[in-house]
Amino acid sequence: ISMSLLQNTAFIIHSQAPHSIMGAQSTRNVRYASSRIITKSSTDTAASIPRWSPPPRPPPPPSLKPLPLPVILAGGLFLFGSSVKPQNKKFANELLAAAQQALCADPAVTMELGQGIETGGVYVSSAAIGKFEGRPVDQLVLQFQINGGNAWAQGIAYGLRDSESGELRLVSLEISNMDAMLSGKPSSVAVPRLTSLIPTDVE
């Protein structure tokens, strides 16, 4: 009887031991993996994600009273010569070039107006001097003609120029075809994200 009890006890210990060891190993593995995720992977991932910062807020644009369509159709060509003051001519040309680049990059605009989009003469403009991030800036709003391969339209662009460095920023751009001009519902054109004008130190 004693030998039989010893054999049965040995069988029970032998059959249960692997199960308990496997359970202990499995528990250690889970804890080890969890520790790695918390202390290493998550911190590495968090460190690698760049923090989003909102773009700087520009000053409000100068007040502009756009010309109505009948006036544009009747005497648009005669307006081009005197619509921009001489001291703002260079700024206006740079702003028109930035607007043309944004128009050509917008698929909806090229689909509507066709290829070969060009900014034309300025109907009316409004200028002011303001501050952007504490720096003096020249402000300019233009109502101008847009010529495309299939149709023409008008645009309104608002830009900033650093008074010291002369660096330009296209802040906003709207476009209107003839129907939109009559209804007063222009469409916004995507422009580059507004960035700071404050120069960074170069090491």
Side-chain angles (χ1 to χ4, degrees), residues 47 49-69 71-72 75-76 78-110 113 117-147 152-177 180-181 183-203:
I49 298 176
R51 293 187 176 183
W52 182 86
S53 58
R57 180 175 295 180
S63 178
L64 177 74
K65 187 176 181 180
L67 296 180
L69 181 60
V71 176
I72 291 176
F78 298 100
L79 301 170
F80 295 158
S82 59
S83 57
V84 180
K85 293 181 178 180
Q87 63 267 30
N88 295 325
K89 288 279 189 182
K90 182 180 178 182
F91 187 5
N93 291 334
E94 293 173 351
L95 183 56
L96 288 173
Q100 179 173 311
Q101 190 173 10
L103 290 167
C104 293
D106 193 314
V109 176
T110 56
L113 302 183
I117 295 175
E118 294 182 349
T119 54
V122 176
Y123 299 123
V124 65
S125 67
S126 179
I129 297 175
K131 291 216 168 191
F132 178 51
E133 300 180 300
R135 295 174 63 85
V137 290
D138 303 317
Q139 302 171 255
L140 188 62
V141 180
L142 304 175
Q143 180 190 13
F144 60 96
Q145 187 181 44
I146 303 172
N147 300 311
W152 68 273
Q154 73 147 16
I156 295 181
Y158 170 38
L160 301 175
R161 185 180 64 176
D162 191 290
S163 300
E164 298 177 5
S165 67
E167 196 170 350
L168 176 76
R169 293 288 185 273
L170 175 61
V171 179
S172 64
L173 178 60
E174 295 179 349
I175 184 173
S176 304
N177 58 15
M181 291 173 69
S183 64
K185 296 179 179 179
S187 299
S188 296
V189 179
V191 299
R193 185 177 185 267
L194 187 63
T195 56
S196 175
L197 285 171
I198 299 176
T200 56
D201 294 332
V202 181
E203 298 181 356

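This one's a predicted model, so the numbers in the text were calculated from it and none came from an experiment.
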For the atom pair [atom1] ([X]) and [atom2] ([Y]), what is the distance rounded to the nearest 0.5 Å?
X    : Y    : atom1 : atom2 : result
C104 : E118 : SG    : CD    : 8.5 Å
L168 : N93  : CG    : CG    : 11.5 Å
L140 : F91  : CG    : CZ    : 5.0 Å
T119 : Q101 : OG1   : CD    : 11.0 Å

- Flag yes if more than 12 heavy atoms outside L69 fall under 6.0 Å of its CG atom; otherwise flag no.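 Buried by this count: over 12 neighbours within 6.0 Å.
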
Pairs where residues 166-175 contributes a residue and the test salt bridge (Lys or Arg N to Asp or Glu O under 4.0 Å) is met, not counting sequence neighbours |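 For residues 166-175, and leaving out neighbouring residues, the salt bridge (Lys or Arg N to Asp or Glu O under 4.0 Å) pairs sorted by first residue read E167-R169.
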
| Can you pull the salt bridge (Lys or Arg N to Asp or Glu O under 4.0 Å) pairs that have at least one residue in residues 130-143, sequence neighbours excluded? |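 Checked against salt bridge (Lys or Arg N to Asp or Glu O under 4.0 Å) - neighbours excluded - the pairs reaching residues 130-143 are R135-D162, R135-E164, D138-R161.
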
Side-chain donor-acceptor distances from residues 78-89 under 3.5 Å, at least two apart:
residue, atom, partner, partner atom, Å
S83, OG, L79, O, 3.4
S83, OG, F80, O, 3.4
S83, OG, V122, O, 2.6

| field | Residue pair L113 / I175, side-chain heavy-atom distance below 4.5 Å | value |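 When only atoms from C-beta onward are counted, I175 and L113 do touch, with a gap below 4.5 Å.
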
Which heavy atom of [X] sits nearest a heavy atom of [Y], and at what distance?
X    : Y    : answer
I146 : L103 : CD1-CD1, 3.7 Å
P60  : Y158 : O-OH, 3.6 Å
V141 : P61  : CG2-CB, 3.8 Å
P59  : F132 : CD-CD1, 4.0 Å
A99  : L173 : O-CD2, 3.8 Å

I'd like to check the side-chain contact (heavy atoms from CB on, under 4.5 Å) partners of [X]; sequence neighbours left out, ordered by chain and number.
X    : value
N177 : E112, D179, A180
Q143 : L64, P66, L67, I72, Y123, V124, Q154, I156
A128 : P62, Q139

| task | From the options L95, V189, L194, select the one residue that forms a side-chain contact (heavy atoms from CB on, under 4.5 Å) with L170. | result |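 Only match with L170 under side-chain contact (heavy atoms from CB on, under 4.5 Å): L95.
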
Requested in this report: Determine, stepwise, if the pair V171 / V191 fulfils side chain to side chain contact (heavy atoms under 4.5 Å, CB included).
Outcome: CA-CA 7 Å; V171 179; V191 299; over 6 Å; no

